[in-house]
Amino acid sequence: MSELRQDPFSGRWVVIAEGRLARPDEYRGRAPAPPDGECPFCGGHEARTPAETAAFGPPGRPPNAPGWTVRSIPNRFPTLEGPPDPHLLGERTPLGVRRAATGYHEVIVMSPDHAPGFAEFLPEAAAEVLRMGRDRIRDLAGRPGIQSSILFENAGPESGGTLTHPHAQAIALPFVPLELAEEAAGARAWARAEGVPCAYEEIGAREEAGGARLLDRGASFVTYAPYASALPYEVRFLPRRHARTFGDSTDAELDELAERVPRTLRALRSLVPGVSYNLVTRSGAGGLGSESEHWYLELLPRTIRPDGFEVGTGVAVNPIPPEAAAERLRAALAAPEAVGEKR
């Protein structure tokens with residue numbers, strides 16, 4: 001029997017409909033196309049990209065030269081571009097307000113090698129990627145006129161990604177997206193109703209105590225399948241330490257995340273070979289009440305396509321209950337192939 005679940009923070013309704021898993025038209029993962037030697041992100045092709053904003057590499061390496069391990073560059077096709085003017089509120093038209101799409105958009109190239117993907121990174125290499133992401137978010141989010149930021153990876157054809165070379169993206173926005181604002185307001189209201197200082201930490205503690213959706217517990221993170229998961233095998237990496245944004249994360253926290261995220265990706269791909277996914281930071285934003293905001297990282301597998309009902313109502317339909325997803329992921333995490341690393 002299908003079940004309605006409501007996210008405690010956003011108020012979003014999700015339908016858990018296990019029977020829909022058998023639909024014949026579900027997406028199946030496809031392997032990425034082989035490299036053609038023309039990838040602009042590969043080592044030695046630095047002249048094919050905009051000049052780097054930051055890079056990790058050996059001491060004395062010249063900018064925009066080979067030898068780097070992780071490199072951040074402006075996006076050649078940015079979603080937002082140009083320093084925001086904090087005094088420019090926008091132009092009101094008969095149909096609504098419009099304003100210039102200003103902000104910052106960078107690409108973080110995870111490796112000079114075209115393969116393997118992030119799932120196969122050694123913890124040391126993954127930690128470098130996460131440190132670069134944190135450093136770029138700190139820089140971009142601290143600039144005048146910026147109100148929110150996001151770090152994300154699009155991997156695979158169903159994720160929205162267009163290049164197979166492993167890379168992430170950092171975007172800083174001059175406004176707070178409605179979904180972030182609604183979640184922040186919902187989290188504050190939920191915390192007040194429950195009499196707790198932080199809604200996220202309380203949910204994490206309850207998930208850890210209950211265990212049905214728990215995947216892993218570490219010194220710095222609780223990893224679980226959210227109660228109102230909108231997607232099959234959705235996973236949340238929640239920091240134990242109260243911090244508002246991903247830019248506030250510590251090296252020790254990123255070291256733990258660098259071990260857990262690739263392992264979880266390998267476990268996911270053992271269950272759904274070739275699966276596309278989005279890996280997304282969810283951070284607090286300026287002016288929303290920092291005492292109740294708490295960043296986290298979400299793994300969003302793209303195993304299904306939304307239909308007209310979901311698009312028309314905004315109500316997600318998840319064919320795999322998160323309890324079942326967590327059970328399968330726990331088993332996959334315990335398998336030897338989830339431990340193996342290639343880079």
Side-chain angles (χ1 to χ4, degrees), residues 32-84 100-146 149-156 159-174 246-247 249 251 254-255 257-258 261-262 278-281 342-343:
D36 60 7
E38 297 299 318
C39 174
F41 293 164
C42 285
H45 295 176
E46 292 77 19
R48 301 183 187 181
T49 72
E52 65 194 38
T53 55
F56 292 151
R61 168 193 164 265
N64 305 301
W68 52 275
T69 53
V70 184
R71 185 172 184 251
S72 190
I73 57 176
N75 194 311
R76 192 182 291 277
F77 308 100
T79 300
L80 303 169
E81 186 175 18
T102 54
Y104 304 99
H105 189 172
E106 294 189 5
V107 174
I108 296 170
V109 187
M110 298 181 179
S111 165
D113 301 322
H114 200 81
F118 195 52
E120 281 75 42
F121 275 32
L122 290 169
E124 294 82 0
E128 270 206 324
V129 170
L130 294 171
R131 281 178 171 78
M132 178 63 79
R134 177 199 58 193
D135 294 351
R136 297 315 303 148
I137 288 293
R138 281 179 178 174
D139 180 11
L140 299 178
R143 296 183 183 182
I146 294 301
S149 61
I150 181 173
L151 178 73
F152 61 96
E153 181 195 10
N154 300 328
S159 71
T162 57
L163 291 174
T164 59
H165 191 115
H167 66 284
Q169 300 179 62
I171 298 183
L173 303 87
F246 178 71
S249 57
D251 285 352
L254 296 186
D255 286 343
L257 203 59
V261 174
N278 302 107
L279 199 59
V280 180
T281 61
K342 299 181 181 178
R343 178 180 181 269

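Position 1 is the first residue of the sequence, and the numbers go up from there. Just so it is clear, the model here is predicted, and its values are computed rather than measured.
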**Prompt:** Who pairs with Pro63 by side-chain contact (heavy atoms from CB on, under 4.5 Å), at least two apart in sequence or on another chain?
**Reply:** Glu52
**Prompt:** Using a distance-only test with no angle check, is there a side-chain donor-acceptor pair under 3.5 angstrom linking Arg71 and Thr53?
**Reply:** no
**Prompt:** Heavy atoms, side chains only, cut-off 4.5 Å: are Glu106 and Asn75 in contact?
**Reply:** no
**Asked** With Thr102, which residues qualify under side-chain contact (heavy atoms from CB on, under 4.5 Å), at least two apart?
**Response** Pro84, Ala100, Pro174
**Request:** Tell me, please, which residues at least two apart from Phe246 pass ring-ring contact (aromatic ring centres under 6.0 Å, His included).
**Result:** Trp295
**Message:** Does either side chain, that of Gln169 or that of His105, offer a donor lying less than 3.5 Å from an acceptor on the other one?
**Reply:** yes
**Prompt:** By side-chain contact (heavy atoms from CB on, under 4.5 Å), which residues pair with Pro66, not counting sequence neighbours?
**Reply:** Glu46
**Item:** From CD1 (Ile150) to CG (Leu173), nearest 0.5 Å
**Value:** 8.0 Å
**Request:** Determine whether Asn154 and Leu279 make a side-chain contact, defined as any pair of heavy atoms from C-beta on separated by less than 4.5 Å.
**Result:** no
**Side-chain heavy atoms of Val70 within contact of Val109, under 4.5 Å** = no
**Message:** Any non-hydrogen side-chain atom of His165 less than 4.5 Å from a side-chain atom of Met110?
**Reply:** no
**Message:** Return the CG to CG distance between Leu257 and Leu130, rounded to the nearest 0.5 Å.
**Reply:** 5.5 Å
**Prompt:** Hey, are the side chains of Phe121 and Ser111 touching, using non-hydrogen atoms and a 4.5 Å cut-off?
**Reply:** yes
**Request:** Tell me, please, which residues at least two apart from Arg143 pass side-chain contact (heavy atoms from CB on, under 4.5 Å).
**Result:** Tyr104, Arg136, Asp139, Leu140, Ile146
**Message:** Would you compute the distance between atom CG of Leu254 and atom OG of Ser249 and round it to the nearest 0.5 angstrom?
**Reply:** 4.0 Å
**Item:** Residues in ring-ring contact (aromatic ring centres under 6.0 Å, His included) contact with Phe152, at least two apart in sequence or another chain
**Value:** none
**Point-to-point distance, once rounded to the nearest 0.5 Å, from SG of Cys42 to NE2 of His114** = 5.5 Å
**Complete:** Rounding to 0.5 Å, atoms CZ (Arg61) and OG1 (Thr69) come to a distance of 8.5 Å
**Short side-chain to backbone donor-acceptor contact, Arg138 and Gly247, under 3.5 Å** = yes
**Request:** Determine whether Arg131 and Asp255 make a side-chain contact, defined as any pair of heavy atoms from C-beta on separated by less than 4.5 Å.
**Result:** yes
**Prompt:** How many angstroms lie between OG1 in Thr162 and NE2 in His167, if you round to the nearest 0.5 Å?
**Reply:** 6.0 Å
**Message:** Is any side-chain heavy atom of Phe41 closer than 4.5 Å to one of Arg48?
**Reply:** no
